[in-house]
Protein chains: 2
Amino acid sequence: MDSIRIALAQINPTVGDVRGNADRIIAYARNAAALGAGIVAFPELALSGYHPRDLLASRGFLNACSLELKRVWESVPEITMLVGLPLLESSATNAAAVCSGGLMRGAFHKKHMPGLGTLDESRYFQTASELGLIKFADKLIGVNLREDLWYLEGPAERQCSAGASLIINMSAWPYVSGRSGHTEHLASSFASRCSTPVAFVNMAGASDELIFEGASLVVGADGKTIARARNFVEDLLVVDVPLETSAEAGQIKDDVRVIQLTEPANDKPLPTIPEREIPEPMAPEHALYSALATALVDLVEKGGYKGVMLVMSGGLASDLAACMAADSIGSASVHALIADGRWAPSAKGCAELLGINTVEAPSMSAGMRELGAALMDESVALGLLPISSISKSDLASGGITLYAETAGLFAPLKDLWGPDVLRLSAWRNSMGEVIPREAIEVASKPNPEEAALKVLIEDDLGFEEAMKVGEIGPAGLEELLARIQGAEALRRQSPPGPKVTQKAIGLEWALPLVARFMPNL
Amino acid sequence: MDSIRIALAQINPTVGDVRGNADRIIAYARNAAALGAGIVAFPELALSGYHPRDLLASRGFLNACSLELKRVWESVPEITMLVGLPLLESSATNAAAVCSGGLMRGAFHKKHMPGLGTLDESRYFQTASELGLIKFADKLIGVNLREDLWYLEGPAERQCSAGASLIINMSAWPYVSGRSGHTEHLASSFASRCSTPVAFVNMAGASDELIFEGASLVVGADGKTIARARNFVEDLLVVDVPLETSAEAGQIKDDVRVIQLTEPANDKPLPTIPEREIPEPMAPEHALYSALATALVDLVEKGGYKGVMLVMSGGLASDLAACMAADSIGSASVHALIADGRWAPSAKGCAELLGINTVEAPSMSAGMRELGAALMDESVALGLLPISSISKSDLASGGITLYAETAGLFAPLKDLWGPDVLRLSAWRNSMGEVIPREAIEVASKPNPEEAALKVLIEDDLGFEEAMKVGEIGPAGLEELLARIQGAEALRRQSPPGPKVTQKAIGLEWALPLVARFMPNL
């Protein structure tokens, strides 16, 4: 059995910083070449960052991507690079550029575009008409982008039919809580179904409302994982992939394009790859906590903030948000406005244990909006990112005030239901107790509304189901439905926050601004 | 030549109010029957309102639509009704139900779904696999929904090939400024290309961020307009449509479904239709002003508000917003918070001419956010809709403060560039001078930034073009680009507002939350 050494460069680009991203790509490609890899693959839209949105409408932006791609291919001639970028053909495409020997050899384009929320691609990119394969060291390799791997009878399967002995999938795959092993499962079942190994290179880090888990991996033709990269952070995975079949030219059809690459000089023995074990999968709470922390730290760093500021009310959500900020960006860069009132000592206690900076907030008698305004003003003055501790439950049921609790430029817990806030807080305390027990106790009291909210919104179920689960009765459910509908105006102006479920508010779930629906219960 | 009497019921439904919308449909259908129409057609999603968004995820909502449809068809057996609604087949469809004789005879489904902004349909509805025709009085009539008319070689053309002698298109077509005659042009060119008359029934009114212009129309086989309904408001258009060809059964293909309707009893002479002239098209400024006023008045009425409240600063935008509110919902229901400072007398002068209520605002020394908070608090106390006077230019360039100038639950001028605010103000004053000349003079000063903003955002042009148009030079353009990118966080939390361009902020144009792109100028 032959084998081929490939590298998966799991990078964390900054959207729009095309020059900086190109520098990063060059550095990773050189490392991969030094480790003897013949091919290095980068994530989808690695050069632009994911997602550039309407920067893509600007010809100047697309030109900048092309110019920086040229600098990449000229800088690293010694390895074949598969670089994800927006590439202007007759219109913009979500492309994988194939570069080697100081030249661009061609590019492949993505076929299946999602049309949802922050993954909104169909309106920006034209779809591929061709399947892409590269011929490298006498082997055919199928190259495709995210969704193109997982459509049944889709591009990846057709690449296998065309003789591909390896599939390389370049992705910017958004993290969803509780589905950490999903990509591995998909890659594994594809590999065993088609008896073809799969190399999946994913983006790391976070941008906008998306978190990218990394965990790039190589799965053998038997579906077993050969190697897996770290979660959430940048990594370079270099793997010798065993290949079984070789190209059979007869199967190549009209809509398949093969880019022939020059045979790499194979006179030197390959350097030894540093040994690394396949890491254990992260526990669900650990993964979710890390995901949210990644979203926060990446926004602080990429946005050029000096730290974060938040209002601490003594409520569990603001304690948890403070923990996350302290753990990810360091206590010294976290500033808390302690809201006065009965719970101020609890909030102060948590802040002290975390070692973060505290500031006296304006008196609550001035109103919650005054506190929100203070958060915004003080943050601007200190160059900090103001964050809001609102949860999905707050936004769904509308039990908060616009510009008060919602004040902030980012809401790290926006996609967490109340019980998830509790679960994460308990997990964080199990790593070292920092959140006051009294805050946990208050939040632990049974809340029948929470269960009904989740059923109504996340599970698309009917009102009968919600009544059963929530035990709130017809009158309670009517009142809750009226509040859910009435809170849409609040949700429309809530800060952005990291998506961690399949139904993030605003991105994947929204009501009409005015809705008057009431079922017959 | 034969003719058929049809009615186009241009109604203004309320999203989610399925029972109220059904009542309205029943009333219009009865009026149409009384005027001798054999068929009455309603707009797309007339029963649910447009757009129900994630109400569609609720089985209970879809059930309510089906139940109310049943009440409609049982209530008006004497006419064939084409009713737009979300209909649950194997999953939800954007459907036209065909009802007559106290029964539902079948339903057709929309094929081409947009995936953009508030028109987001592709994620909610499955697409049609069949073409729909009804056979009525020995004639074949093609029934389709919005986009299905305007795709070249799309469903409507194929309905003509299948023998349709009339096309009925049911739409909820969003108004775009300067394109008022567009639907008429499309219908006319379709009709003359296919030598088939077209009846286009459009929604009226506004909901959420969309405005529906009405202007339902009937175009003859020669492309000439036979009748046109009023703009923006409800109307019932009853027309005798001359039909040239008759059904030829041989052209019916496999994917075409024909619903046979029982021959209407034709023993009584048809009543005379009240004569009405085809209205002159509205002047562009008049149409735009009416569109924005419609958005405002519909939100106030459908949202159950007692009126509106806004901050008047003496700036032209708040004068214009106050005019629109006074003109559409009546002076007595409009309340202005007069901001103190040099321009207060100008604002007061405008408010007095309009006859609206004025309130002293908190002193500006407390900060602009204080004023925003006062607007929100006072509106809630009085049951009023708080509106913001921010314009597209403000949001694009970021020259405003979050929760201060942006405070409000709706921003009627959100999709207007500065020069459009000026143009509309001048037009409004030409109807009777209410806006102080000094405010108009200040806003009339040349602003090179405005032109550059429009070129960069609305016209997707490059930086060279923006420099030429805006005359702001490379350094000025760099500074402007940085401000545009930096204002995304502000835009994300700005209030919703009516879309009147093809690039409404948030709906059709958005940047990444953090973008660091800077071209080489």
Side-chain angles (χ1 to χ4, degrees), chain A residues 14-18 20 49 51-55 57-61 63-64 67 115-116 120 122-123 207-209 299 302-304 367 369-370 372-373 376-377 402-403 406-407 409-410 456-457 460-464 485 489 492-496 509-517 519-520, chain B residues 14-18 20 49 51-55 57-61 63-64 67 115-116 120 122-123 207-209 299 302-304 367 369-370 372-373 376-377 402-403 406-407 409-410 456-457 460-464 485 489 492-496 509-517 519-520:
Chain A
T14 296
V15 179
D17 183 14
V18 189
H51 186 309
R53 293 184 171 233
D54 282 276
L55 288 177
S58 149
R59 193 60 64 111
F61 180 70
N63 287 345
L67 280 174
L116 295 179
D120 191 359
S122 50
R123 69 160 144 166
S207 64
D208 220 302
E209 301 185 84
L299 180 56
K302 294 174 179 176
R369 281 215 183 87
E370 178 76 2
M376 301 304 285
D377 289 339
L402 194 58
Y403 316 148
T406 66
L409 295 185
F410 200 61
L456 284 171
I457 292 173
D460 284 348
L461 287 180
F463 309 109
E464 286 83 2
Q485 294 184 52
R492 293 282 176 99
Q493 293 186 59
S494 65
W509 186 85
L511 289 186
L513 188 53
V514 172
R516 280 213 209 141
F517 178 62
N520 286 320
Chain B
T14 296
V15 179
D17 182 15
V18 190
H51 186 308
R53 293 183 170 234
D54 281 277
L55 288 177
S58 149
R59 193 61 64 110
F61 180 70
N63 287 345
L67 281 174
L116 294 179
D120 190 0
S122 51
R123 69 160 144 166
S207 62
D208 221 302
E209 301 185 85
L299 180 56
K302 294 174 179 175
R369 282 214 182 86
E370 178 77 2
M376 302 305 283
D377 289 339
L402 194 57
Y403 315 148
T406 66
L409 296 185
F410 200 61
L456 283 172
I457 292 173
D460 285 347
L461 288 179
F463 310 108
E464 286 83 2
Q485 294 184 51
R492 294 282 176 100
Q493 293 187 60
S494 64
W509 186 85
L511 288 186
L513 189 52
V514 172
R516 279 214 210 140
F517 177 62
N520 286 320

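Chain letters run A, B, ... following the sequence lines, proteins first and then strands; every chain starts at 1.
- Contact detail for P512(A) and D208(B): the closest heavy-atom pair is CA-OD2, 3.3 Å.
- Comparing D17(B), L299(B), L511(B), L409(B) by heavy-atom pairs within less than 4.5 Å of chain A, the highest count is held by L511(B).
- A distance of 11.0 Å separates OG of S58(B) from CD1 of I457(A), quoted to the nearest 0.5 Å.
- Comparing G372(A), P495(A), G303(A) by how many heavy-atom pairs each has under 4.5 Å with chain B, the most go to P495(A).
- In this structure, CG in L402(B) is found 5.0 Å from CE in M376(A), a value given to the nearest 0.5 Å.
- In this structure, chain B has no heavy atom under 4.5 Å from any part of L67(A).
- For Y403(A), the ring pair (Phe, Tyr, Trp, His ring centres under 6.0 Å) partners two or more places apart in sequence, or in a different chain, are Y403(B).
- The line from CG of D120(B) to CG of D120(A) is 8.5 Å long, rounded to the nearest 0.5 Å.
- For chain B, the nearby part of S494(A) is the backbone; its heavy atoms alone come within less than 4.5 Å.
- Judged as a side chain to side chain contact (heavy atoms under 4.5 Å, CB included), and not counting sequence neighbours, the contacts of A373(B) are R369(A).
- Put simply, the side chain of S207(B) does not reach to within 4.5 Å of the side chain of V514(A), judged on heavy atoms.
- Using a 4.5 Å cut-off between heavy atoms, N63(A) makes no contact with chain B at all.
- The main-chain N or O of A510(B) is found under 3.5 Å from a side-chain atom of D54(A) such that the two form a donor-acceptor pair.
- Using a 4.5 Å cut-off between heavy atoms, P52(A) contacts chain B through its backbone alone, with no side-chain atom that close.
- Nearest approach of T406(A) to Q493(B), heavy atoms of both residues: O-OE1, 4.2 Å.
- Residue contact with chain A, scored on non-hydrogen atoms closer than 4.5 Å, involves the side chain of A64(B) exclusively.
- With values rounded to the nearest 0.5 angstrom, R492(B) atom CZ is found 15.0 Å from R492(A) atom CZ.
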For the pair R53(A) and L513(B), evaluate side-chain contact (heavy atoms from CB on, under 4.5 Å) and give the outcome as yes or no after the intermediate values. CA-CA 10 Å; R53(A) 293 184 171 233; L513(B) 189 52; over 6 Å; no
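- Contacts between V15(A) and chain B at a heavy-atom distance below 4.5 Å involve backbone atoms as well as side-chain atoms.
- The candidate from A407(A), A489(A), A515(A), G304(A) with the greatest count of non-hydrogen atom pairs under 4.5 Å with chain B is A407(A).
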